Amino acid sequence: MPDLTTPPFPPAFLWGAATSAYQIEGAVREGGRTPSIWDTFSHTPGRTAGGDHADVTVDHYHRYRDDVALMADLGLTAYRFSVSWPRVQPTGRGPAVQVGLDFYRRLVDELLAHGIKPALTLYHWDLPQELEDAGGWPERDTAYRFAEYAQIMGEALGDRVEQWTTLNEPWCSAFLGYGSGVHAPGRTDAGASLRAAHHLNLAHGLATSALRSAIPARDSIAVSLNSSVVRPASLSPADMAAARKIDDLANGVFHGPMLHGSYPQSLFEATRSVTDWSYVQDGDLTLIHQPLDALGLNYYTPTLVEATETAPAGSPRSDGHGLSAYSPWPGADDVAFLQTPGERTEMGWTIDPTGLHELIMRYTREAPGLPLYVTENGAAYDDKPDPEGNVHDPERIAYLHGHLSAVRRAIADGADVRGYYLWSLMDNFEWAYGYGKRFGLVHVDYETQVRTIKGSGRRYADIIRDHRSRARRAA
Ligand code: FCB
């Protein structure tokens with residue numbers, strides 16, 4: 001068994017697992033919660049595999065105490081979860097619903113009682129449906145609504161939650177939600193996807209300011225980006241240009257304004273046929289460019305691209321995953337997406353830990369001095385209990401070893417990585433793929449809600465235990 005703790009991770013390194021509200025909570029009609037765009041989308045025929053939705057999912061809303069006990073069994077020192085916006089502010093505006101706030105307060109208190117640090121994400125894709133009906137993320141007002149919600153949460157939980165994240169993967173919200181339409185709300189309008197991206201940026205900036213005024217100064221504010229590791233298929237100028245274009249559309253469009261206070265000029269040029277960016281108002285970039293305390297990186301697989309003939313105007317190009325006829329890459333009809341060679345997970349995503357190292361090193365350069373967290377990383381496999389009820393998942397153990405080694409290597413190369421959150425604590429509703437893809441350290445029988453720690457969960461617990469005893473000895 002590879003020794004993953006030599007050289008050791010920093011003593012205060014956080015060992016976590018991640019989930020999100022819509023994927024695990026269920027109880028979609030309790031406590032005054034109203035539908036989010038994901039409730040509407042998953043109940044629309046043809047949108048998710050098998051028509052799956054998360055009305056019940058793994059029933060975490062009622063079983064959160066048992067789930068925190070599982071986290072404690074695993075030895076987790078941190079837990080990343082998200083708040084369901086329509087559970088605390090059902091219409092997306094106005095006063096909060098106490099029942100909703102109370103649920104998160106109870107969850108946080110339970111975590112703290114077990115010595116597990118809560119890391120709270122404000123938005124993991126479940127926009128209140130009423131705000132989508134008013135225009136959704138392409139509308140500027142949604143950003144202001146989000147800041148109001150951030151303030152409510154900061155005031156309610158700032159005393160006990162020290163790690164705050166504004167948005168999870170705004171790329172998915174903008175480009176899968178409004179471009180390729182494979183995520184809620186399922187719109188396929190390239191111009192709207194770029195407007196959404198800008199207003200998500202604005203939402204992040206406004207929410208960061210609102211949180212600062214509501215939470216203690218010691219608390220940390222971050223954003224979690226699923227920045228792509230974009231690799232050109234060759235060193236030809238055309239392929240290199242294709243990779244730069246996708247880097248702008250995947251990464252620069254968010255980290256540009258958030259970390260540097262500007263959009264890449266090349267992004268404006270690449271998307272000229274789709275949008276004129278006139279919705280970027282004077283002062284917006286200052287509002288977006290707020291000092292942050294950390295940056296979250298979500299990594300699964302690298303992106304391999306090459307230059308190709310431009311598709312004839314108006315002919316939609318596929319999203320590259322076979323889920324939609326529409327591309328999530330506005331202005332990039334001259335770029336083709338290739339399958340990176342190598343072994344793949346059940347998602348069809350190539351396993352390549354070198355990409356995680358590359359990503360961490362890139363943001364070490366992009367955001368010098370900013371502590372980094374891997375806020376998601378993980379693999380789906382078709383896990384099934386054996387006749388004795390044990391779940392063996394050696395592939396996930398290998399995946400975990402490979403990626404933790406990459407993190408350790410990045411730290412040795414000078415990166416300031418403070419923690420790692422495996423996706424996911426337990427099997428759950430995997431968006432458009434429904435329940436067919438299992439990412440958990442814990443297996444869930446969806447009929448009985450029985451939870452079983454998988455082999456990978458046991459291995460992760462061993463790694464954490466080794467680390468903690470080494471850190472104690474060193475102290
Ligand atoms: C990420 C999402 C997370 C989960 C993983 C597999 O993009 O943030 O909710 O679906 O992918």
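In this text, all values refer to a predicted model and were calculated from it rather than measured experimentally.
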Validation row: D126, I37 side chains within 4.5 angstrom (heavy atoms)
no
Working to the nearest 0.5 Å, report the span between CG of L157 and CG of L101.
7.0 Å
Tell me yes or no: between the side chains of R438 and Y381, is some donor less than 3.5 Å from an acceptor?
no
Heavy-atom distance under 4.5 Å between the side chains of M426 and L441, does that happen here?
no
Regarding R87 and the six-membered ring of Y61, is the cationic atom NZ or CZ under 6.0 Å from the ring centre and inside 45° of its axis?
yes
Full working for side chain to side chain donor-acceptor pair (under 3.5 Å) between Q290 and H204
CA-CA 9 Å; Q290 295 297 318; H204 159 77; over 6 Å; no
Anything under 30° is parallel, anything over 60° is perpendicular, the rest tilted; go ahead and classify H198 against Y279.
tilted
Is the closest basic N to carboxylate O distance between K437 and D427 below 4.0 Å?
no
Can we say R33 and D39 salt-bridge, meaning some charged N sits less than 4.0 Å from an Asp/Glu carboxylate O?
yes
Would you call the rings of W125 and H183 parallel, tilted or perpendicular if under 30° counts as parallel and over 60° as perpendicular?
tilted
Going by atom types only, do E376 and Y300 share a side-chain donor-acceptor pair under 3.5 Å?
yes
Taken to the nearest 0.5 Å, the spacing of L14 CG from R418 CZ works out to 9.5 Å
dist F439:CZ -> Q23:CD (nearest 0.5 Å) comes out at 9.0 Å
Atom pair CE (M153) and CG (L122), whose distance is rounded to the nearest 0.5 Å:
7.0 Å
Determine whether H403 and Y299 make a side-chain contact, defined as any pair of heavy atoms from C-beta on separated by less than 4.5 Å.
yes
Parallel, tilted or perpendicular: which fits the ring planes of W171 and W329, with parallel below 30° and perpendicular above 60°?
tilted
Which word best sums up how the rings of Y79 and H60 line up, parallel for under 30°, tilted for 30 to 60°, or perpendicular for over 60°?
tilted
Measure up the W137 and W85 rings against each other and bin them: parallel (under 30°), tilted (30 to 60°), perpendicular (over 60°).
tilted
Taking the six-membered ring for Trp and the full ring for Phe, Tyr or His, determine whether the centres of W38 and H53 are under 6.0 Å apart.
no
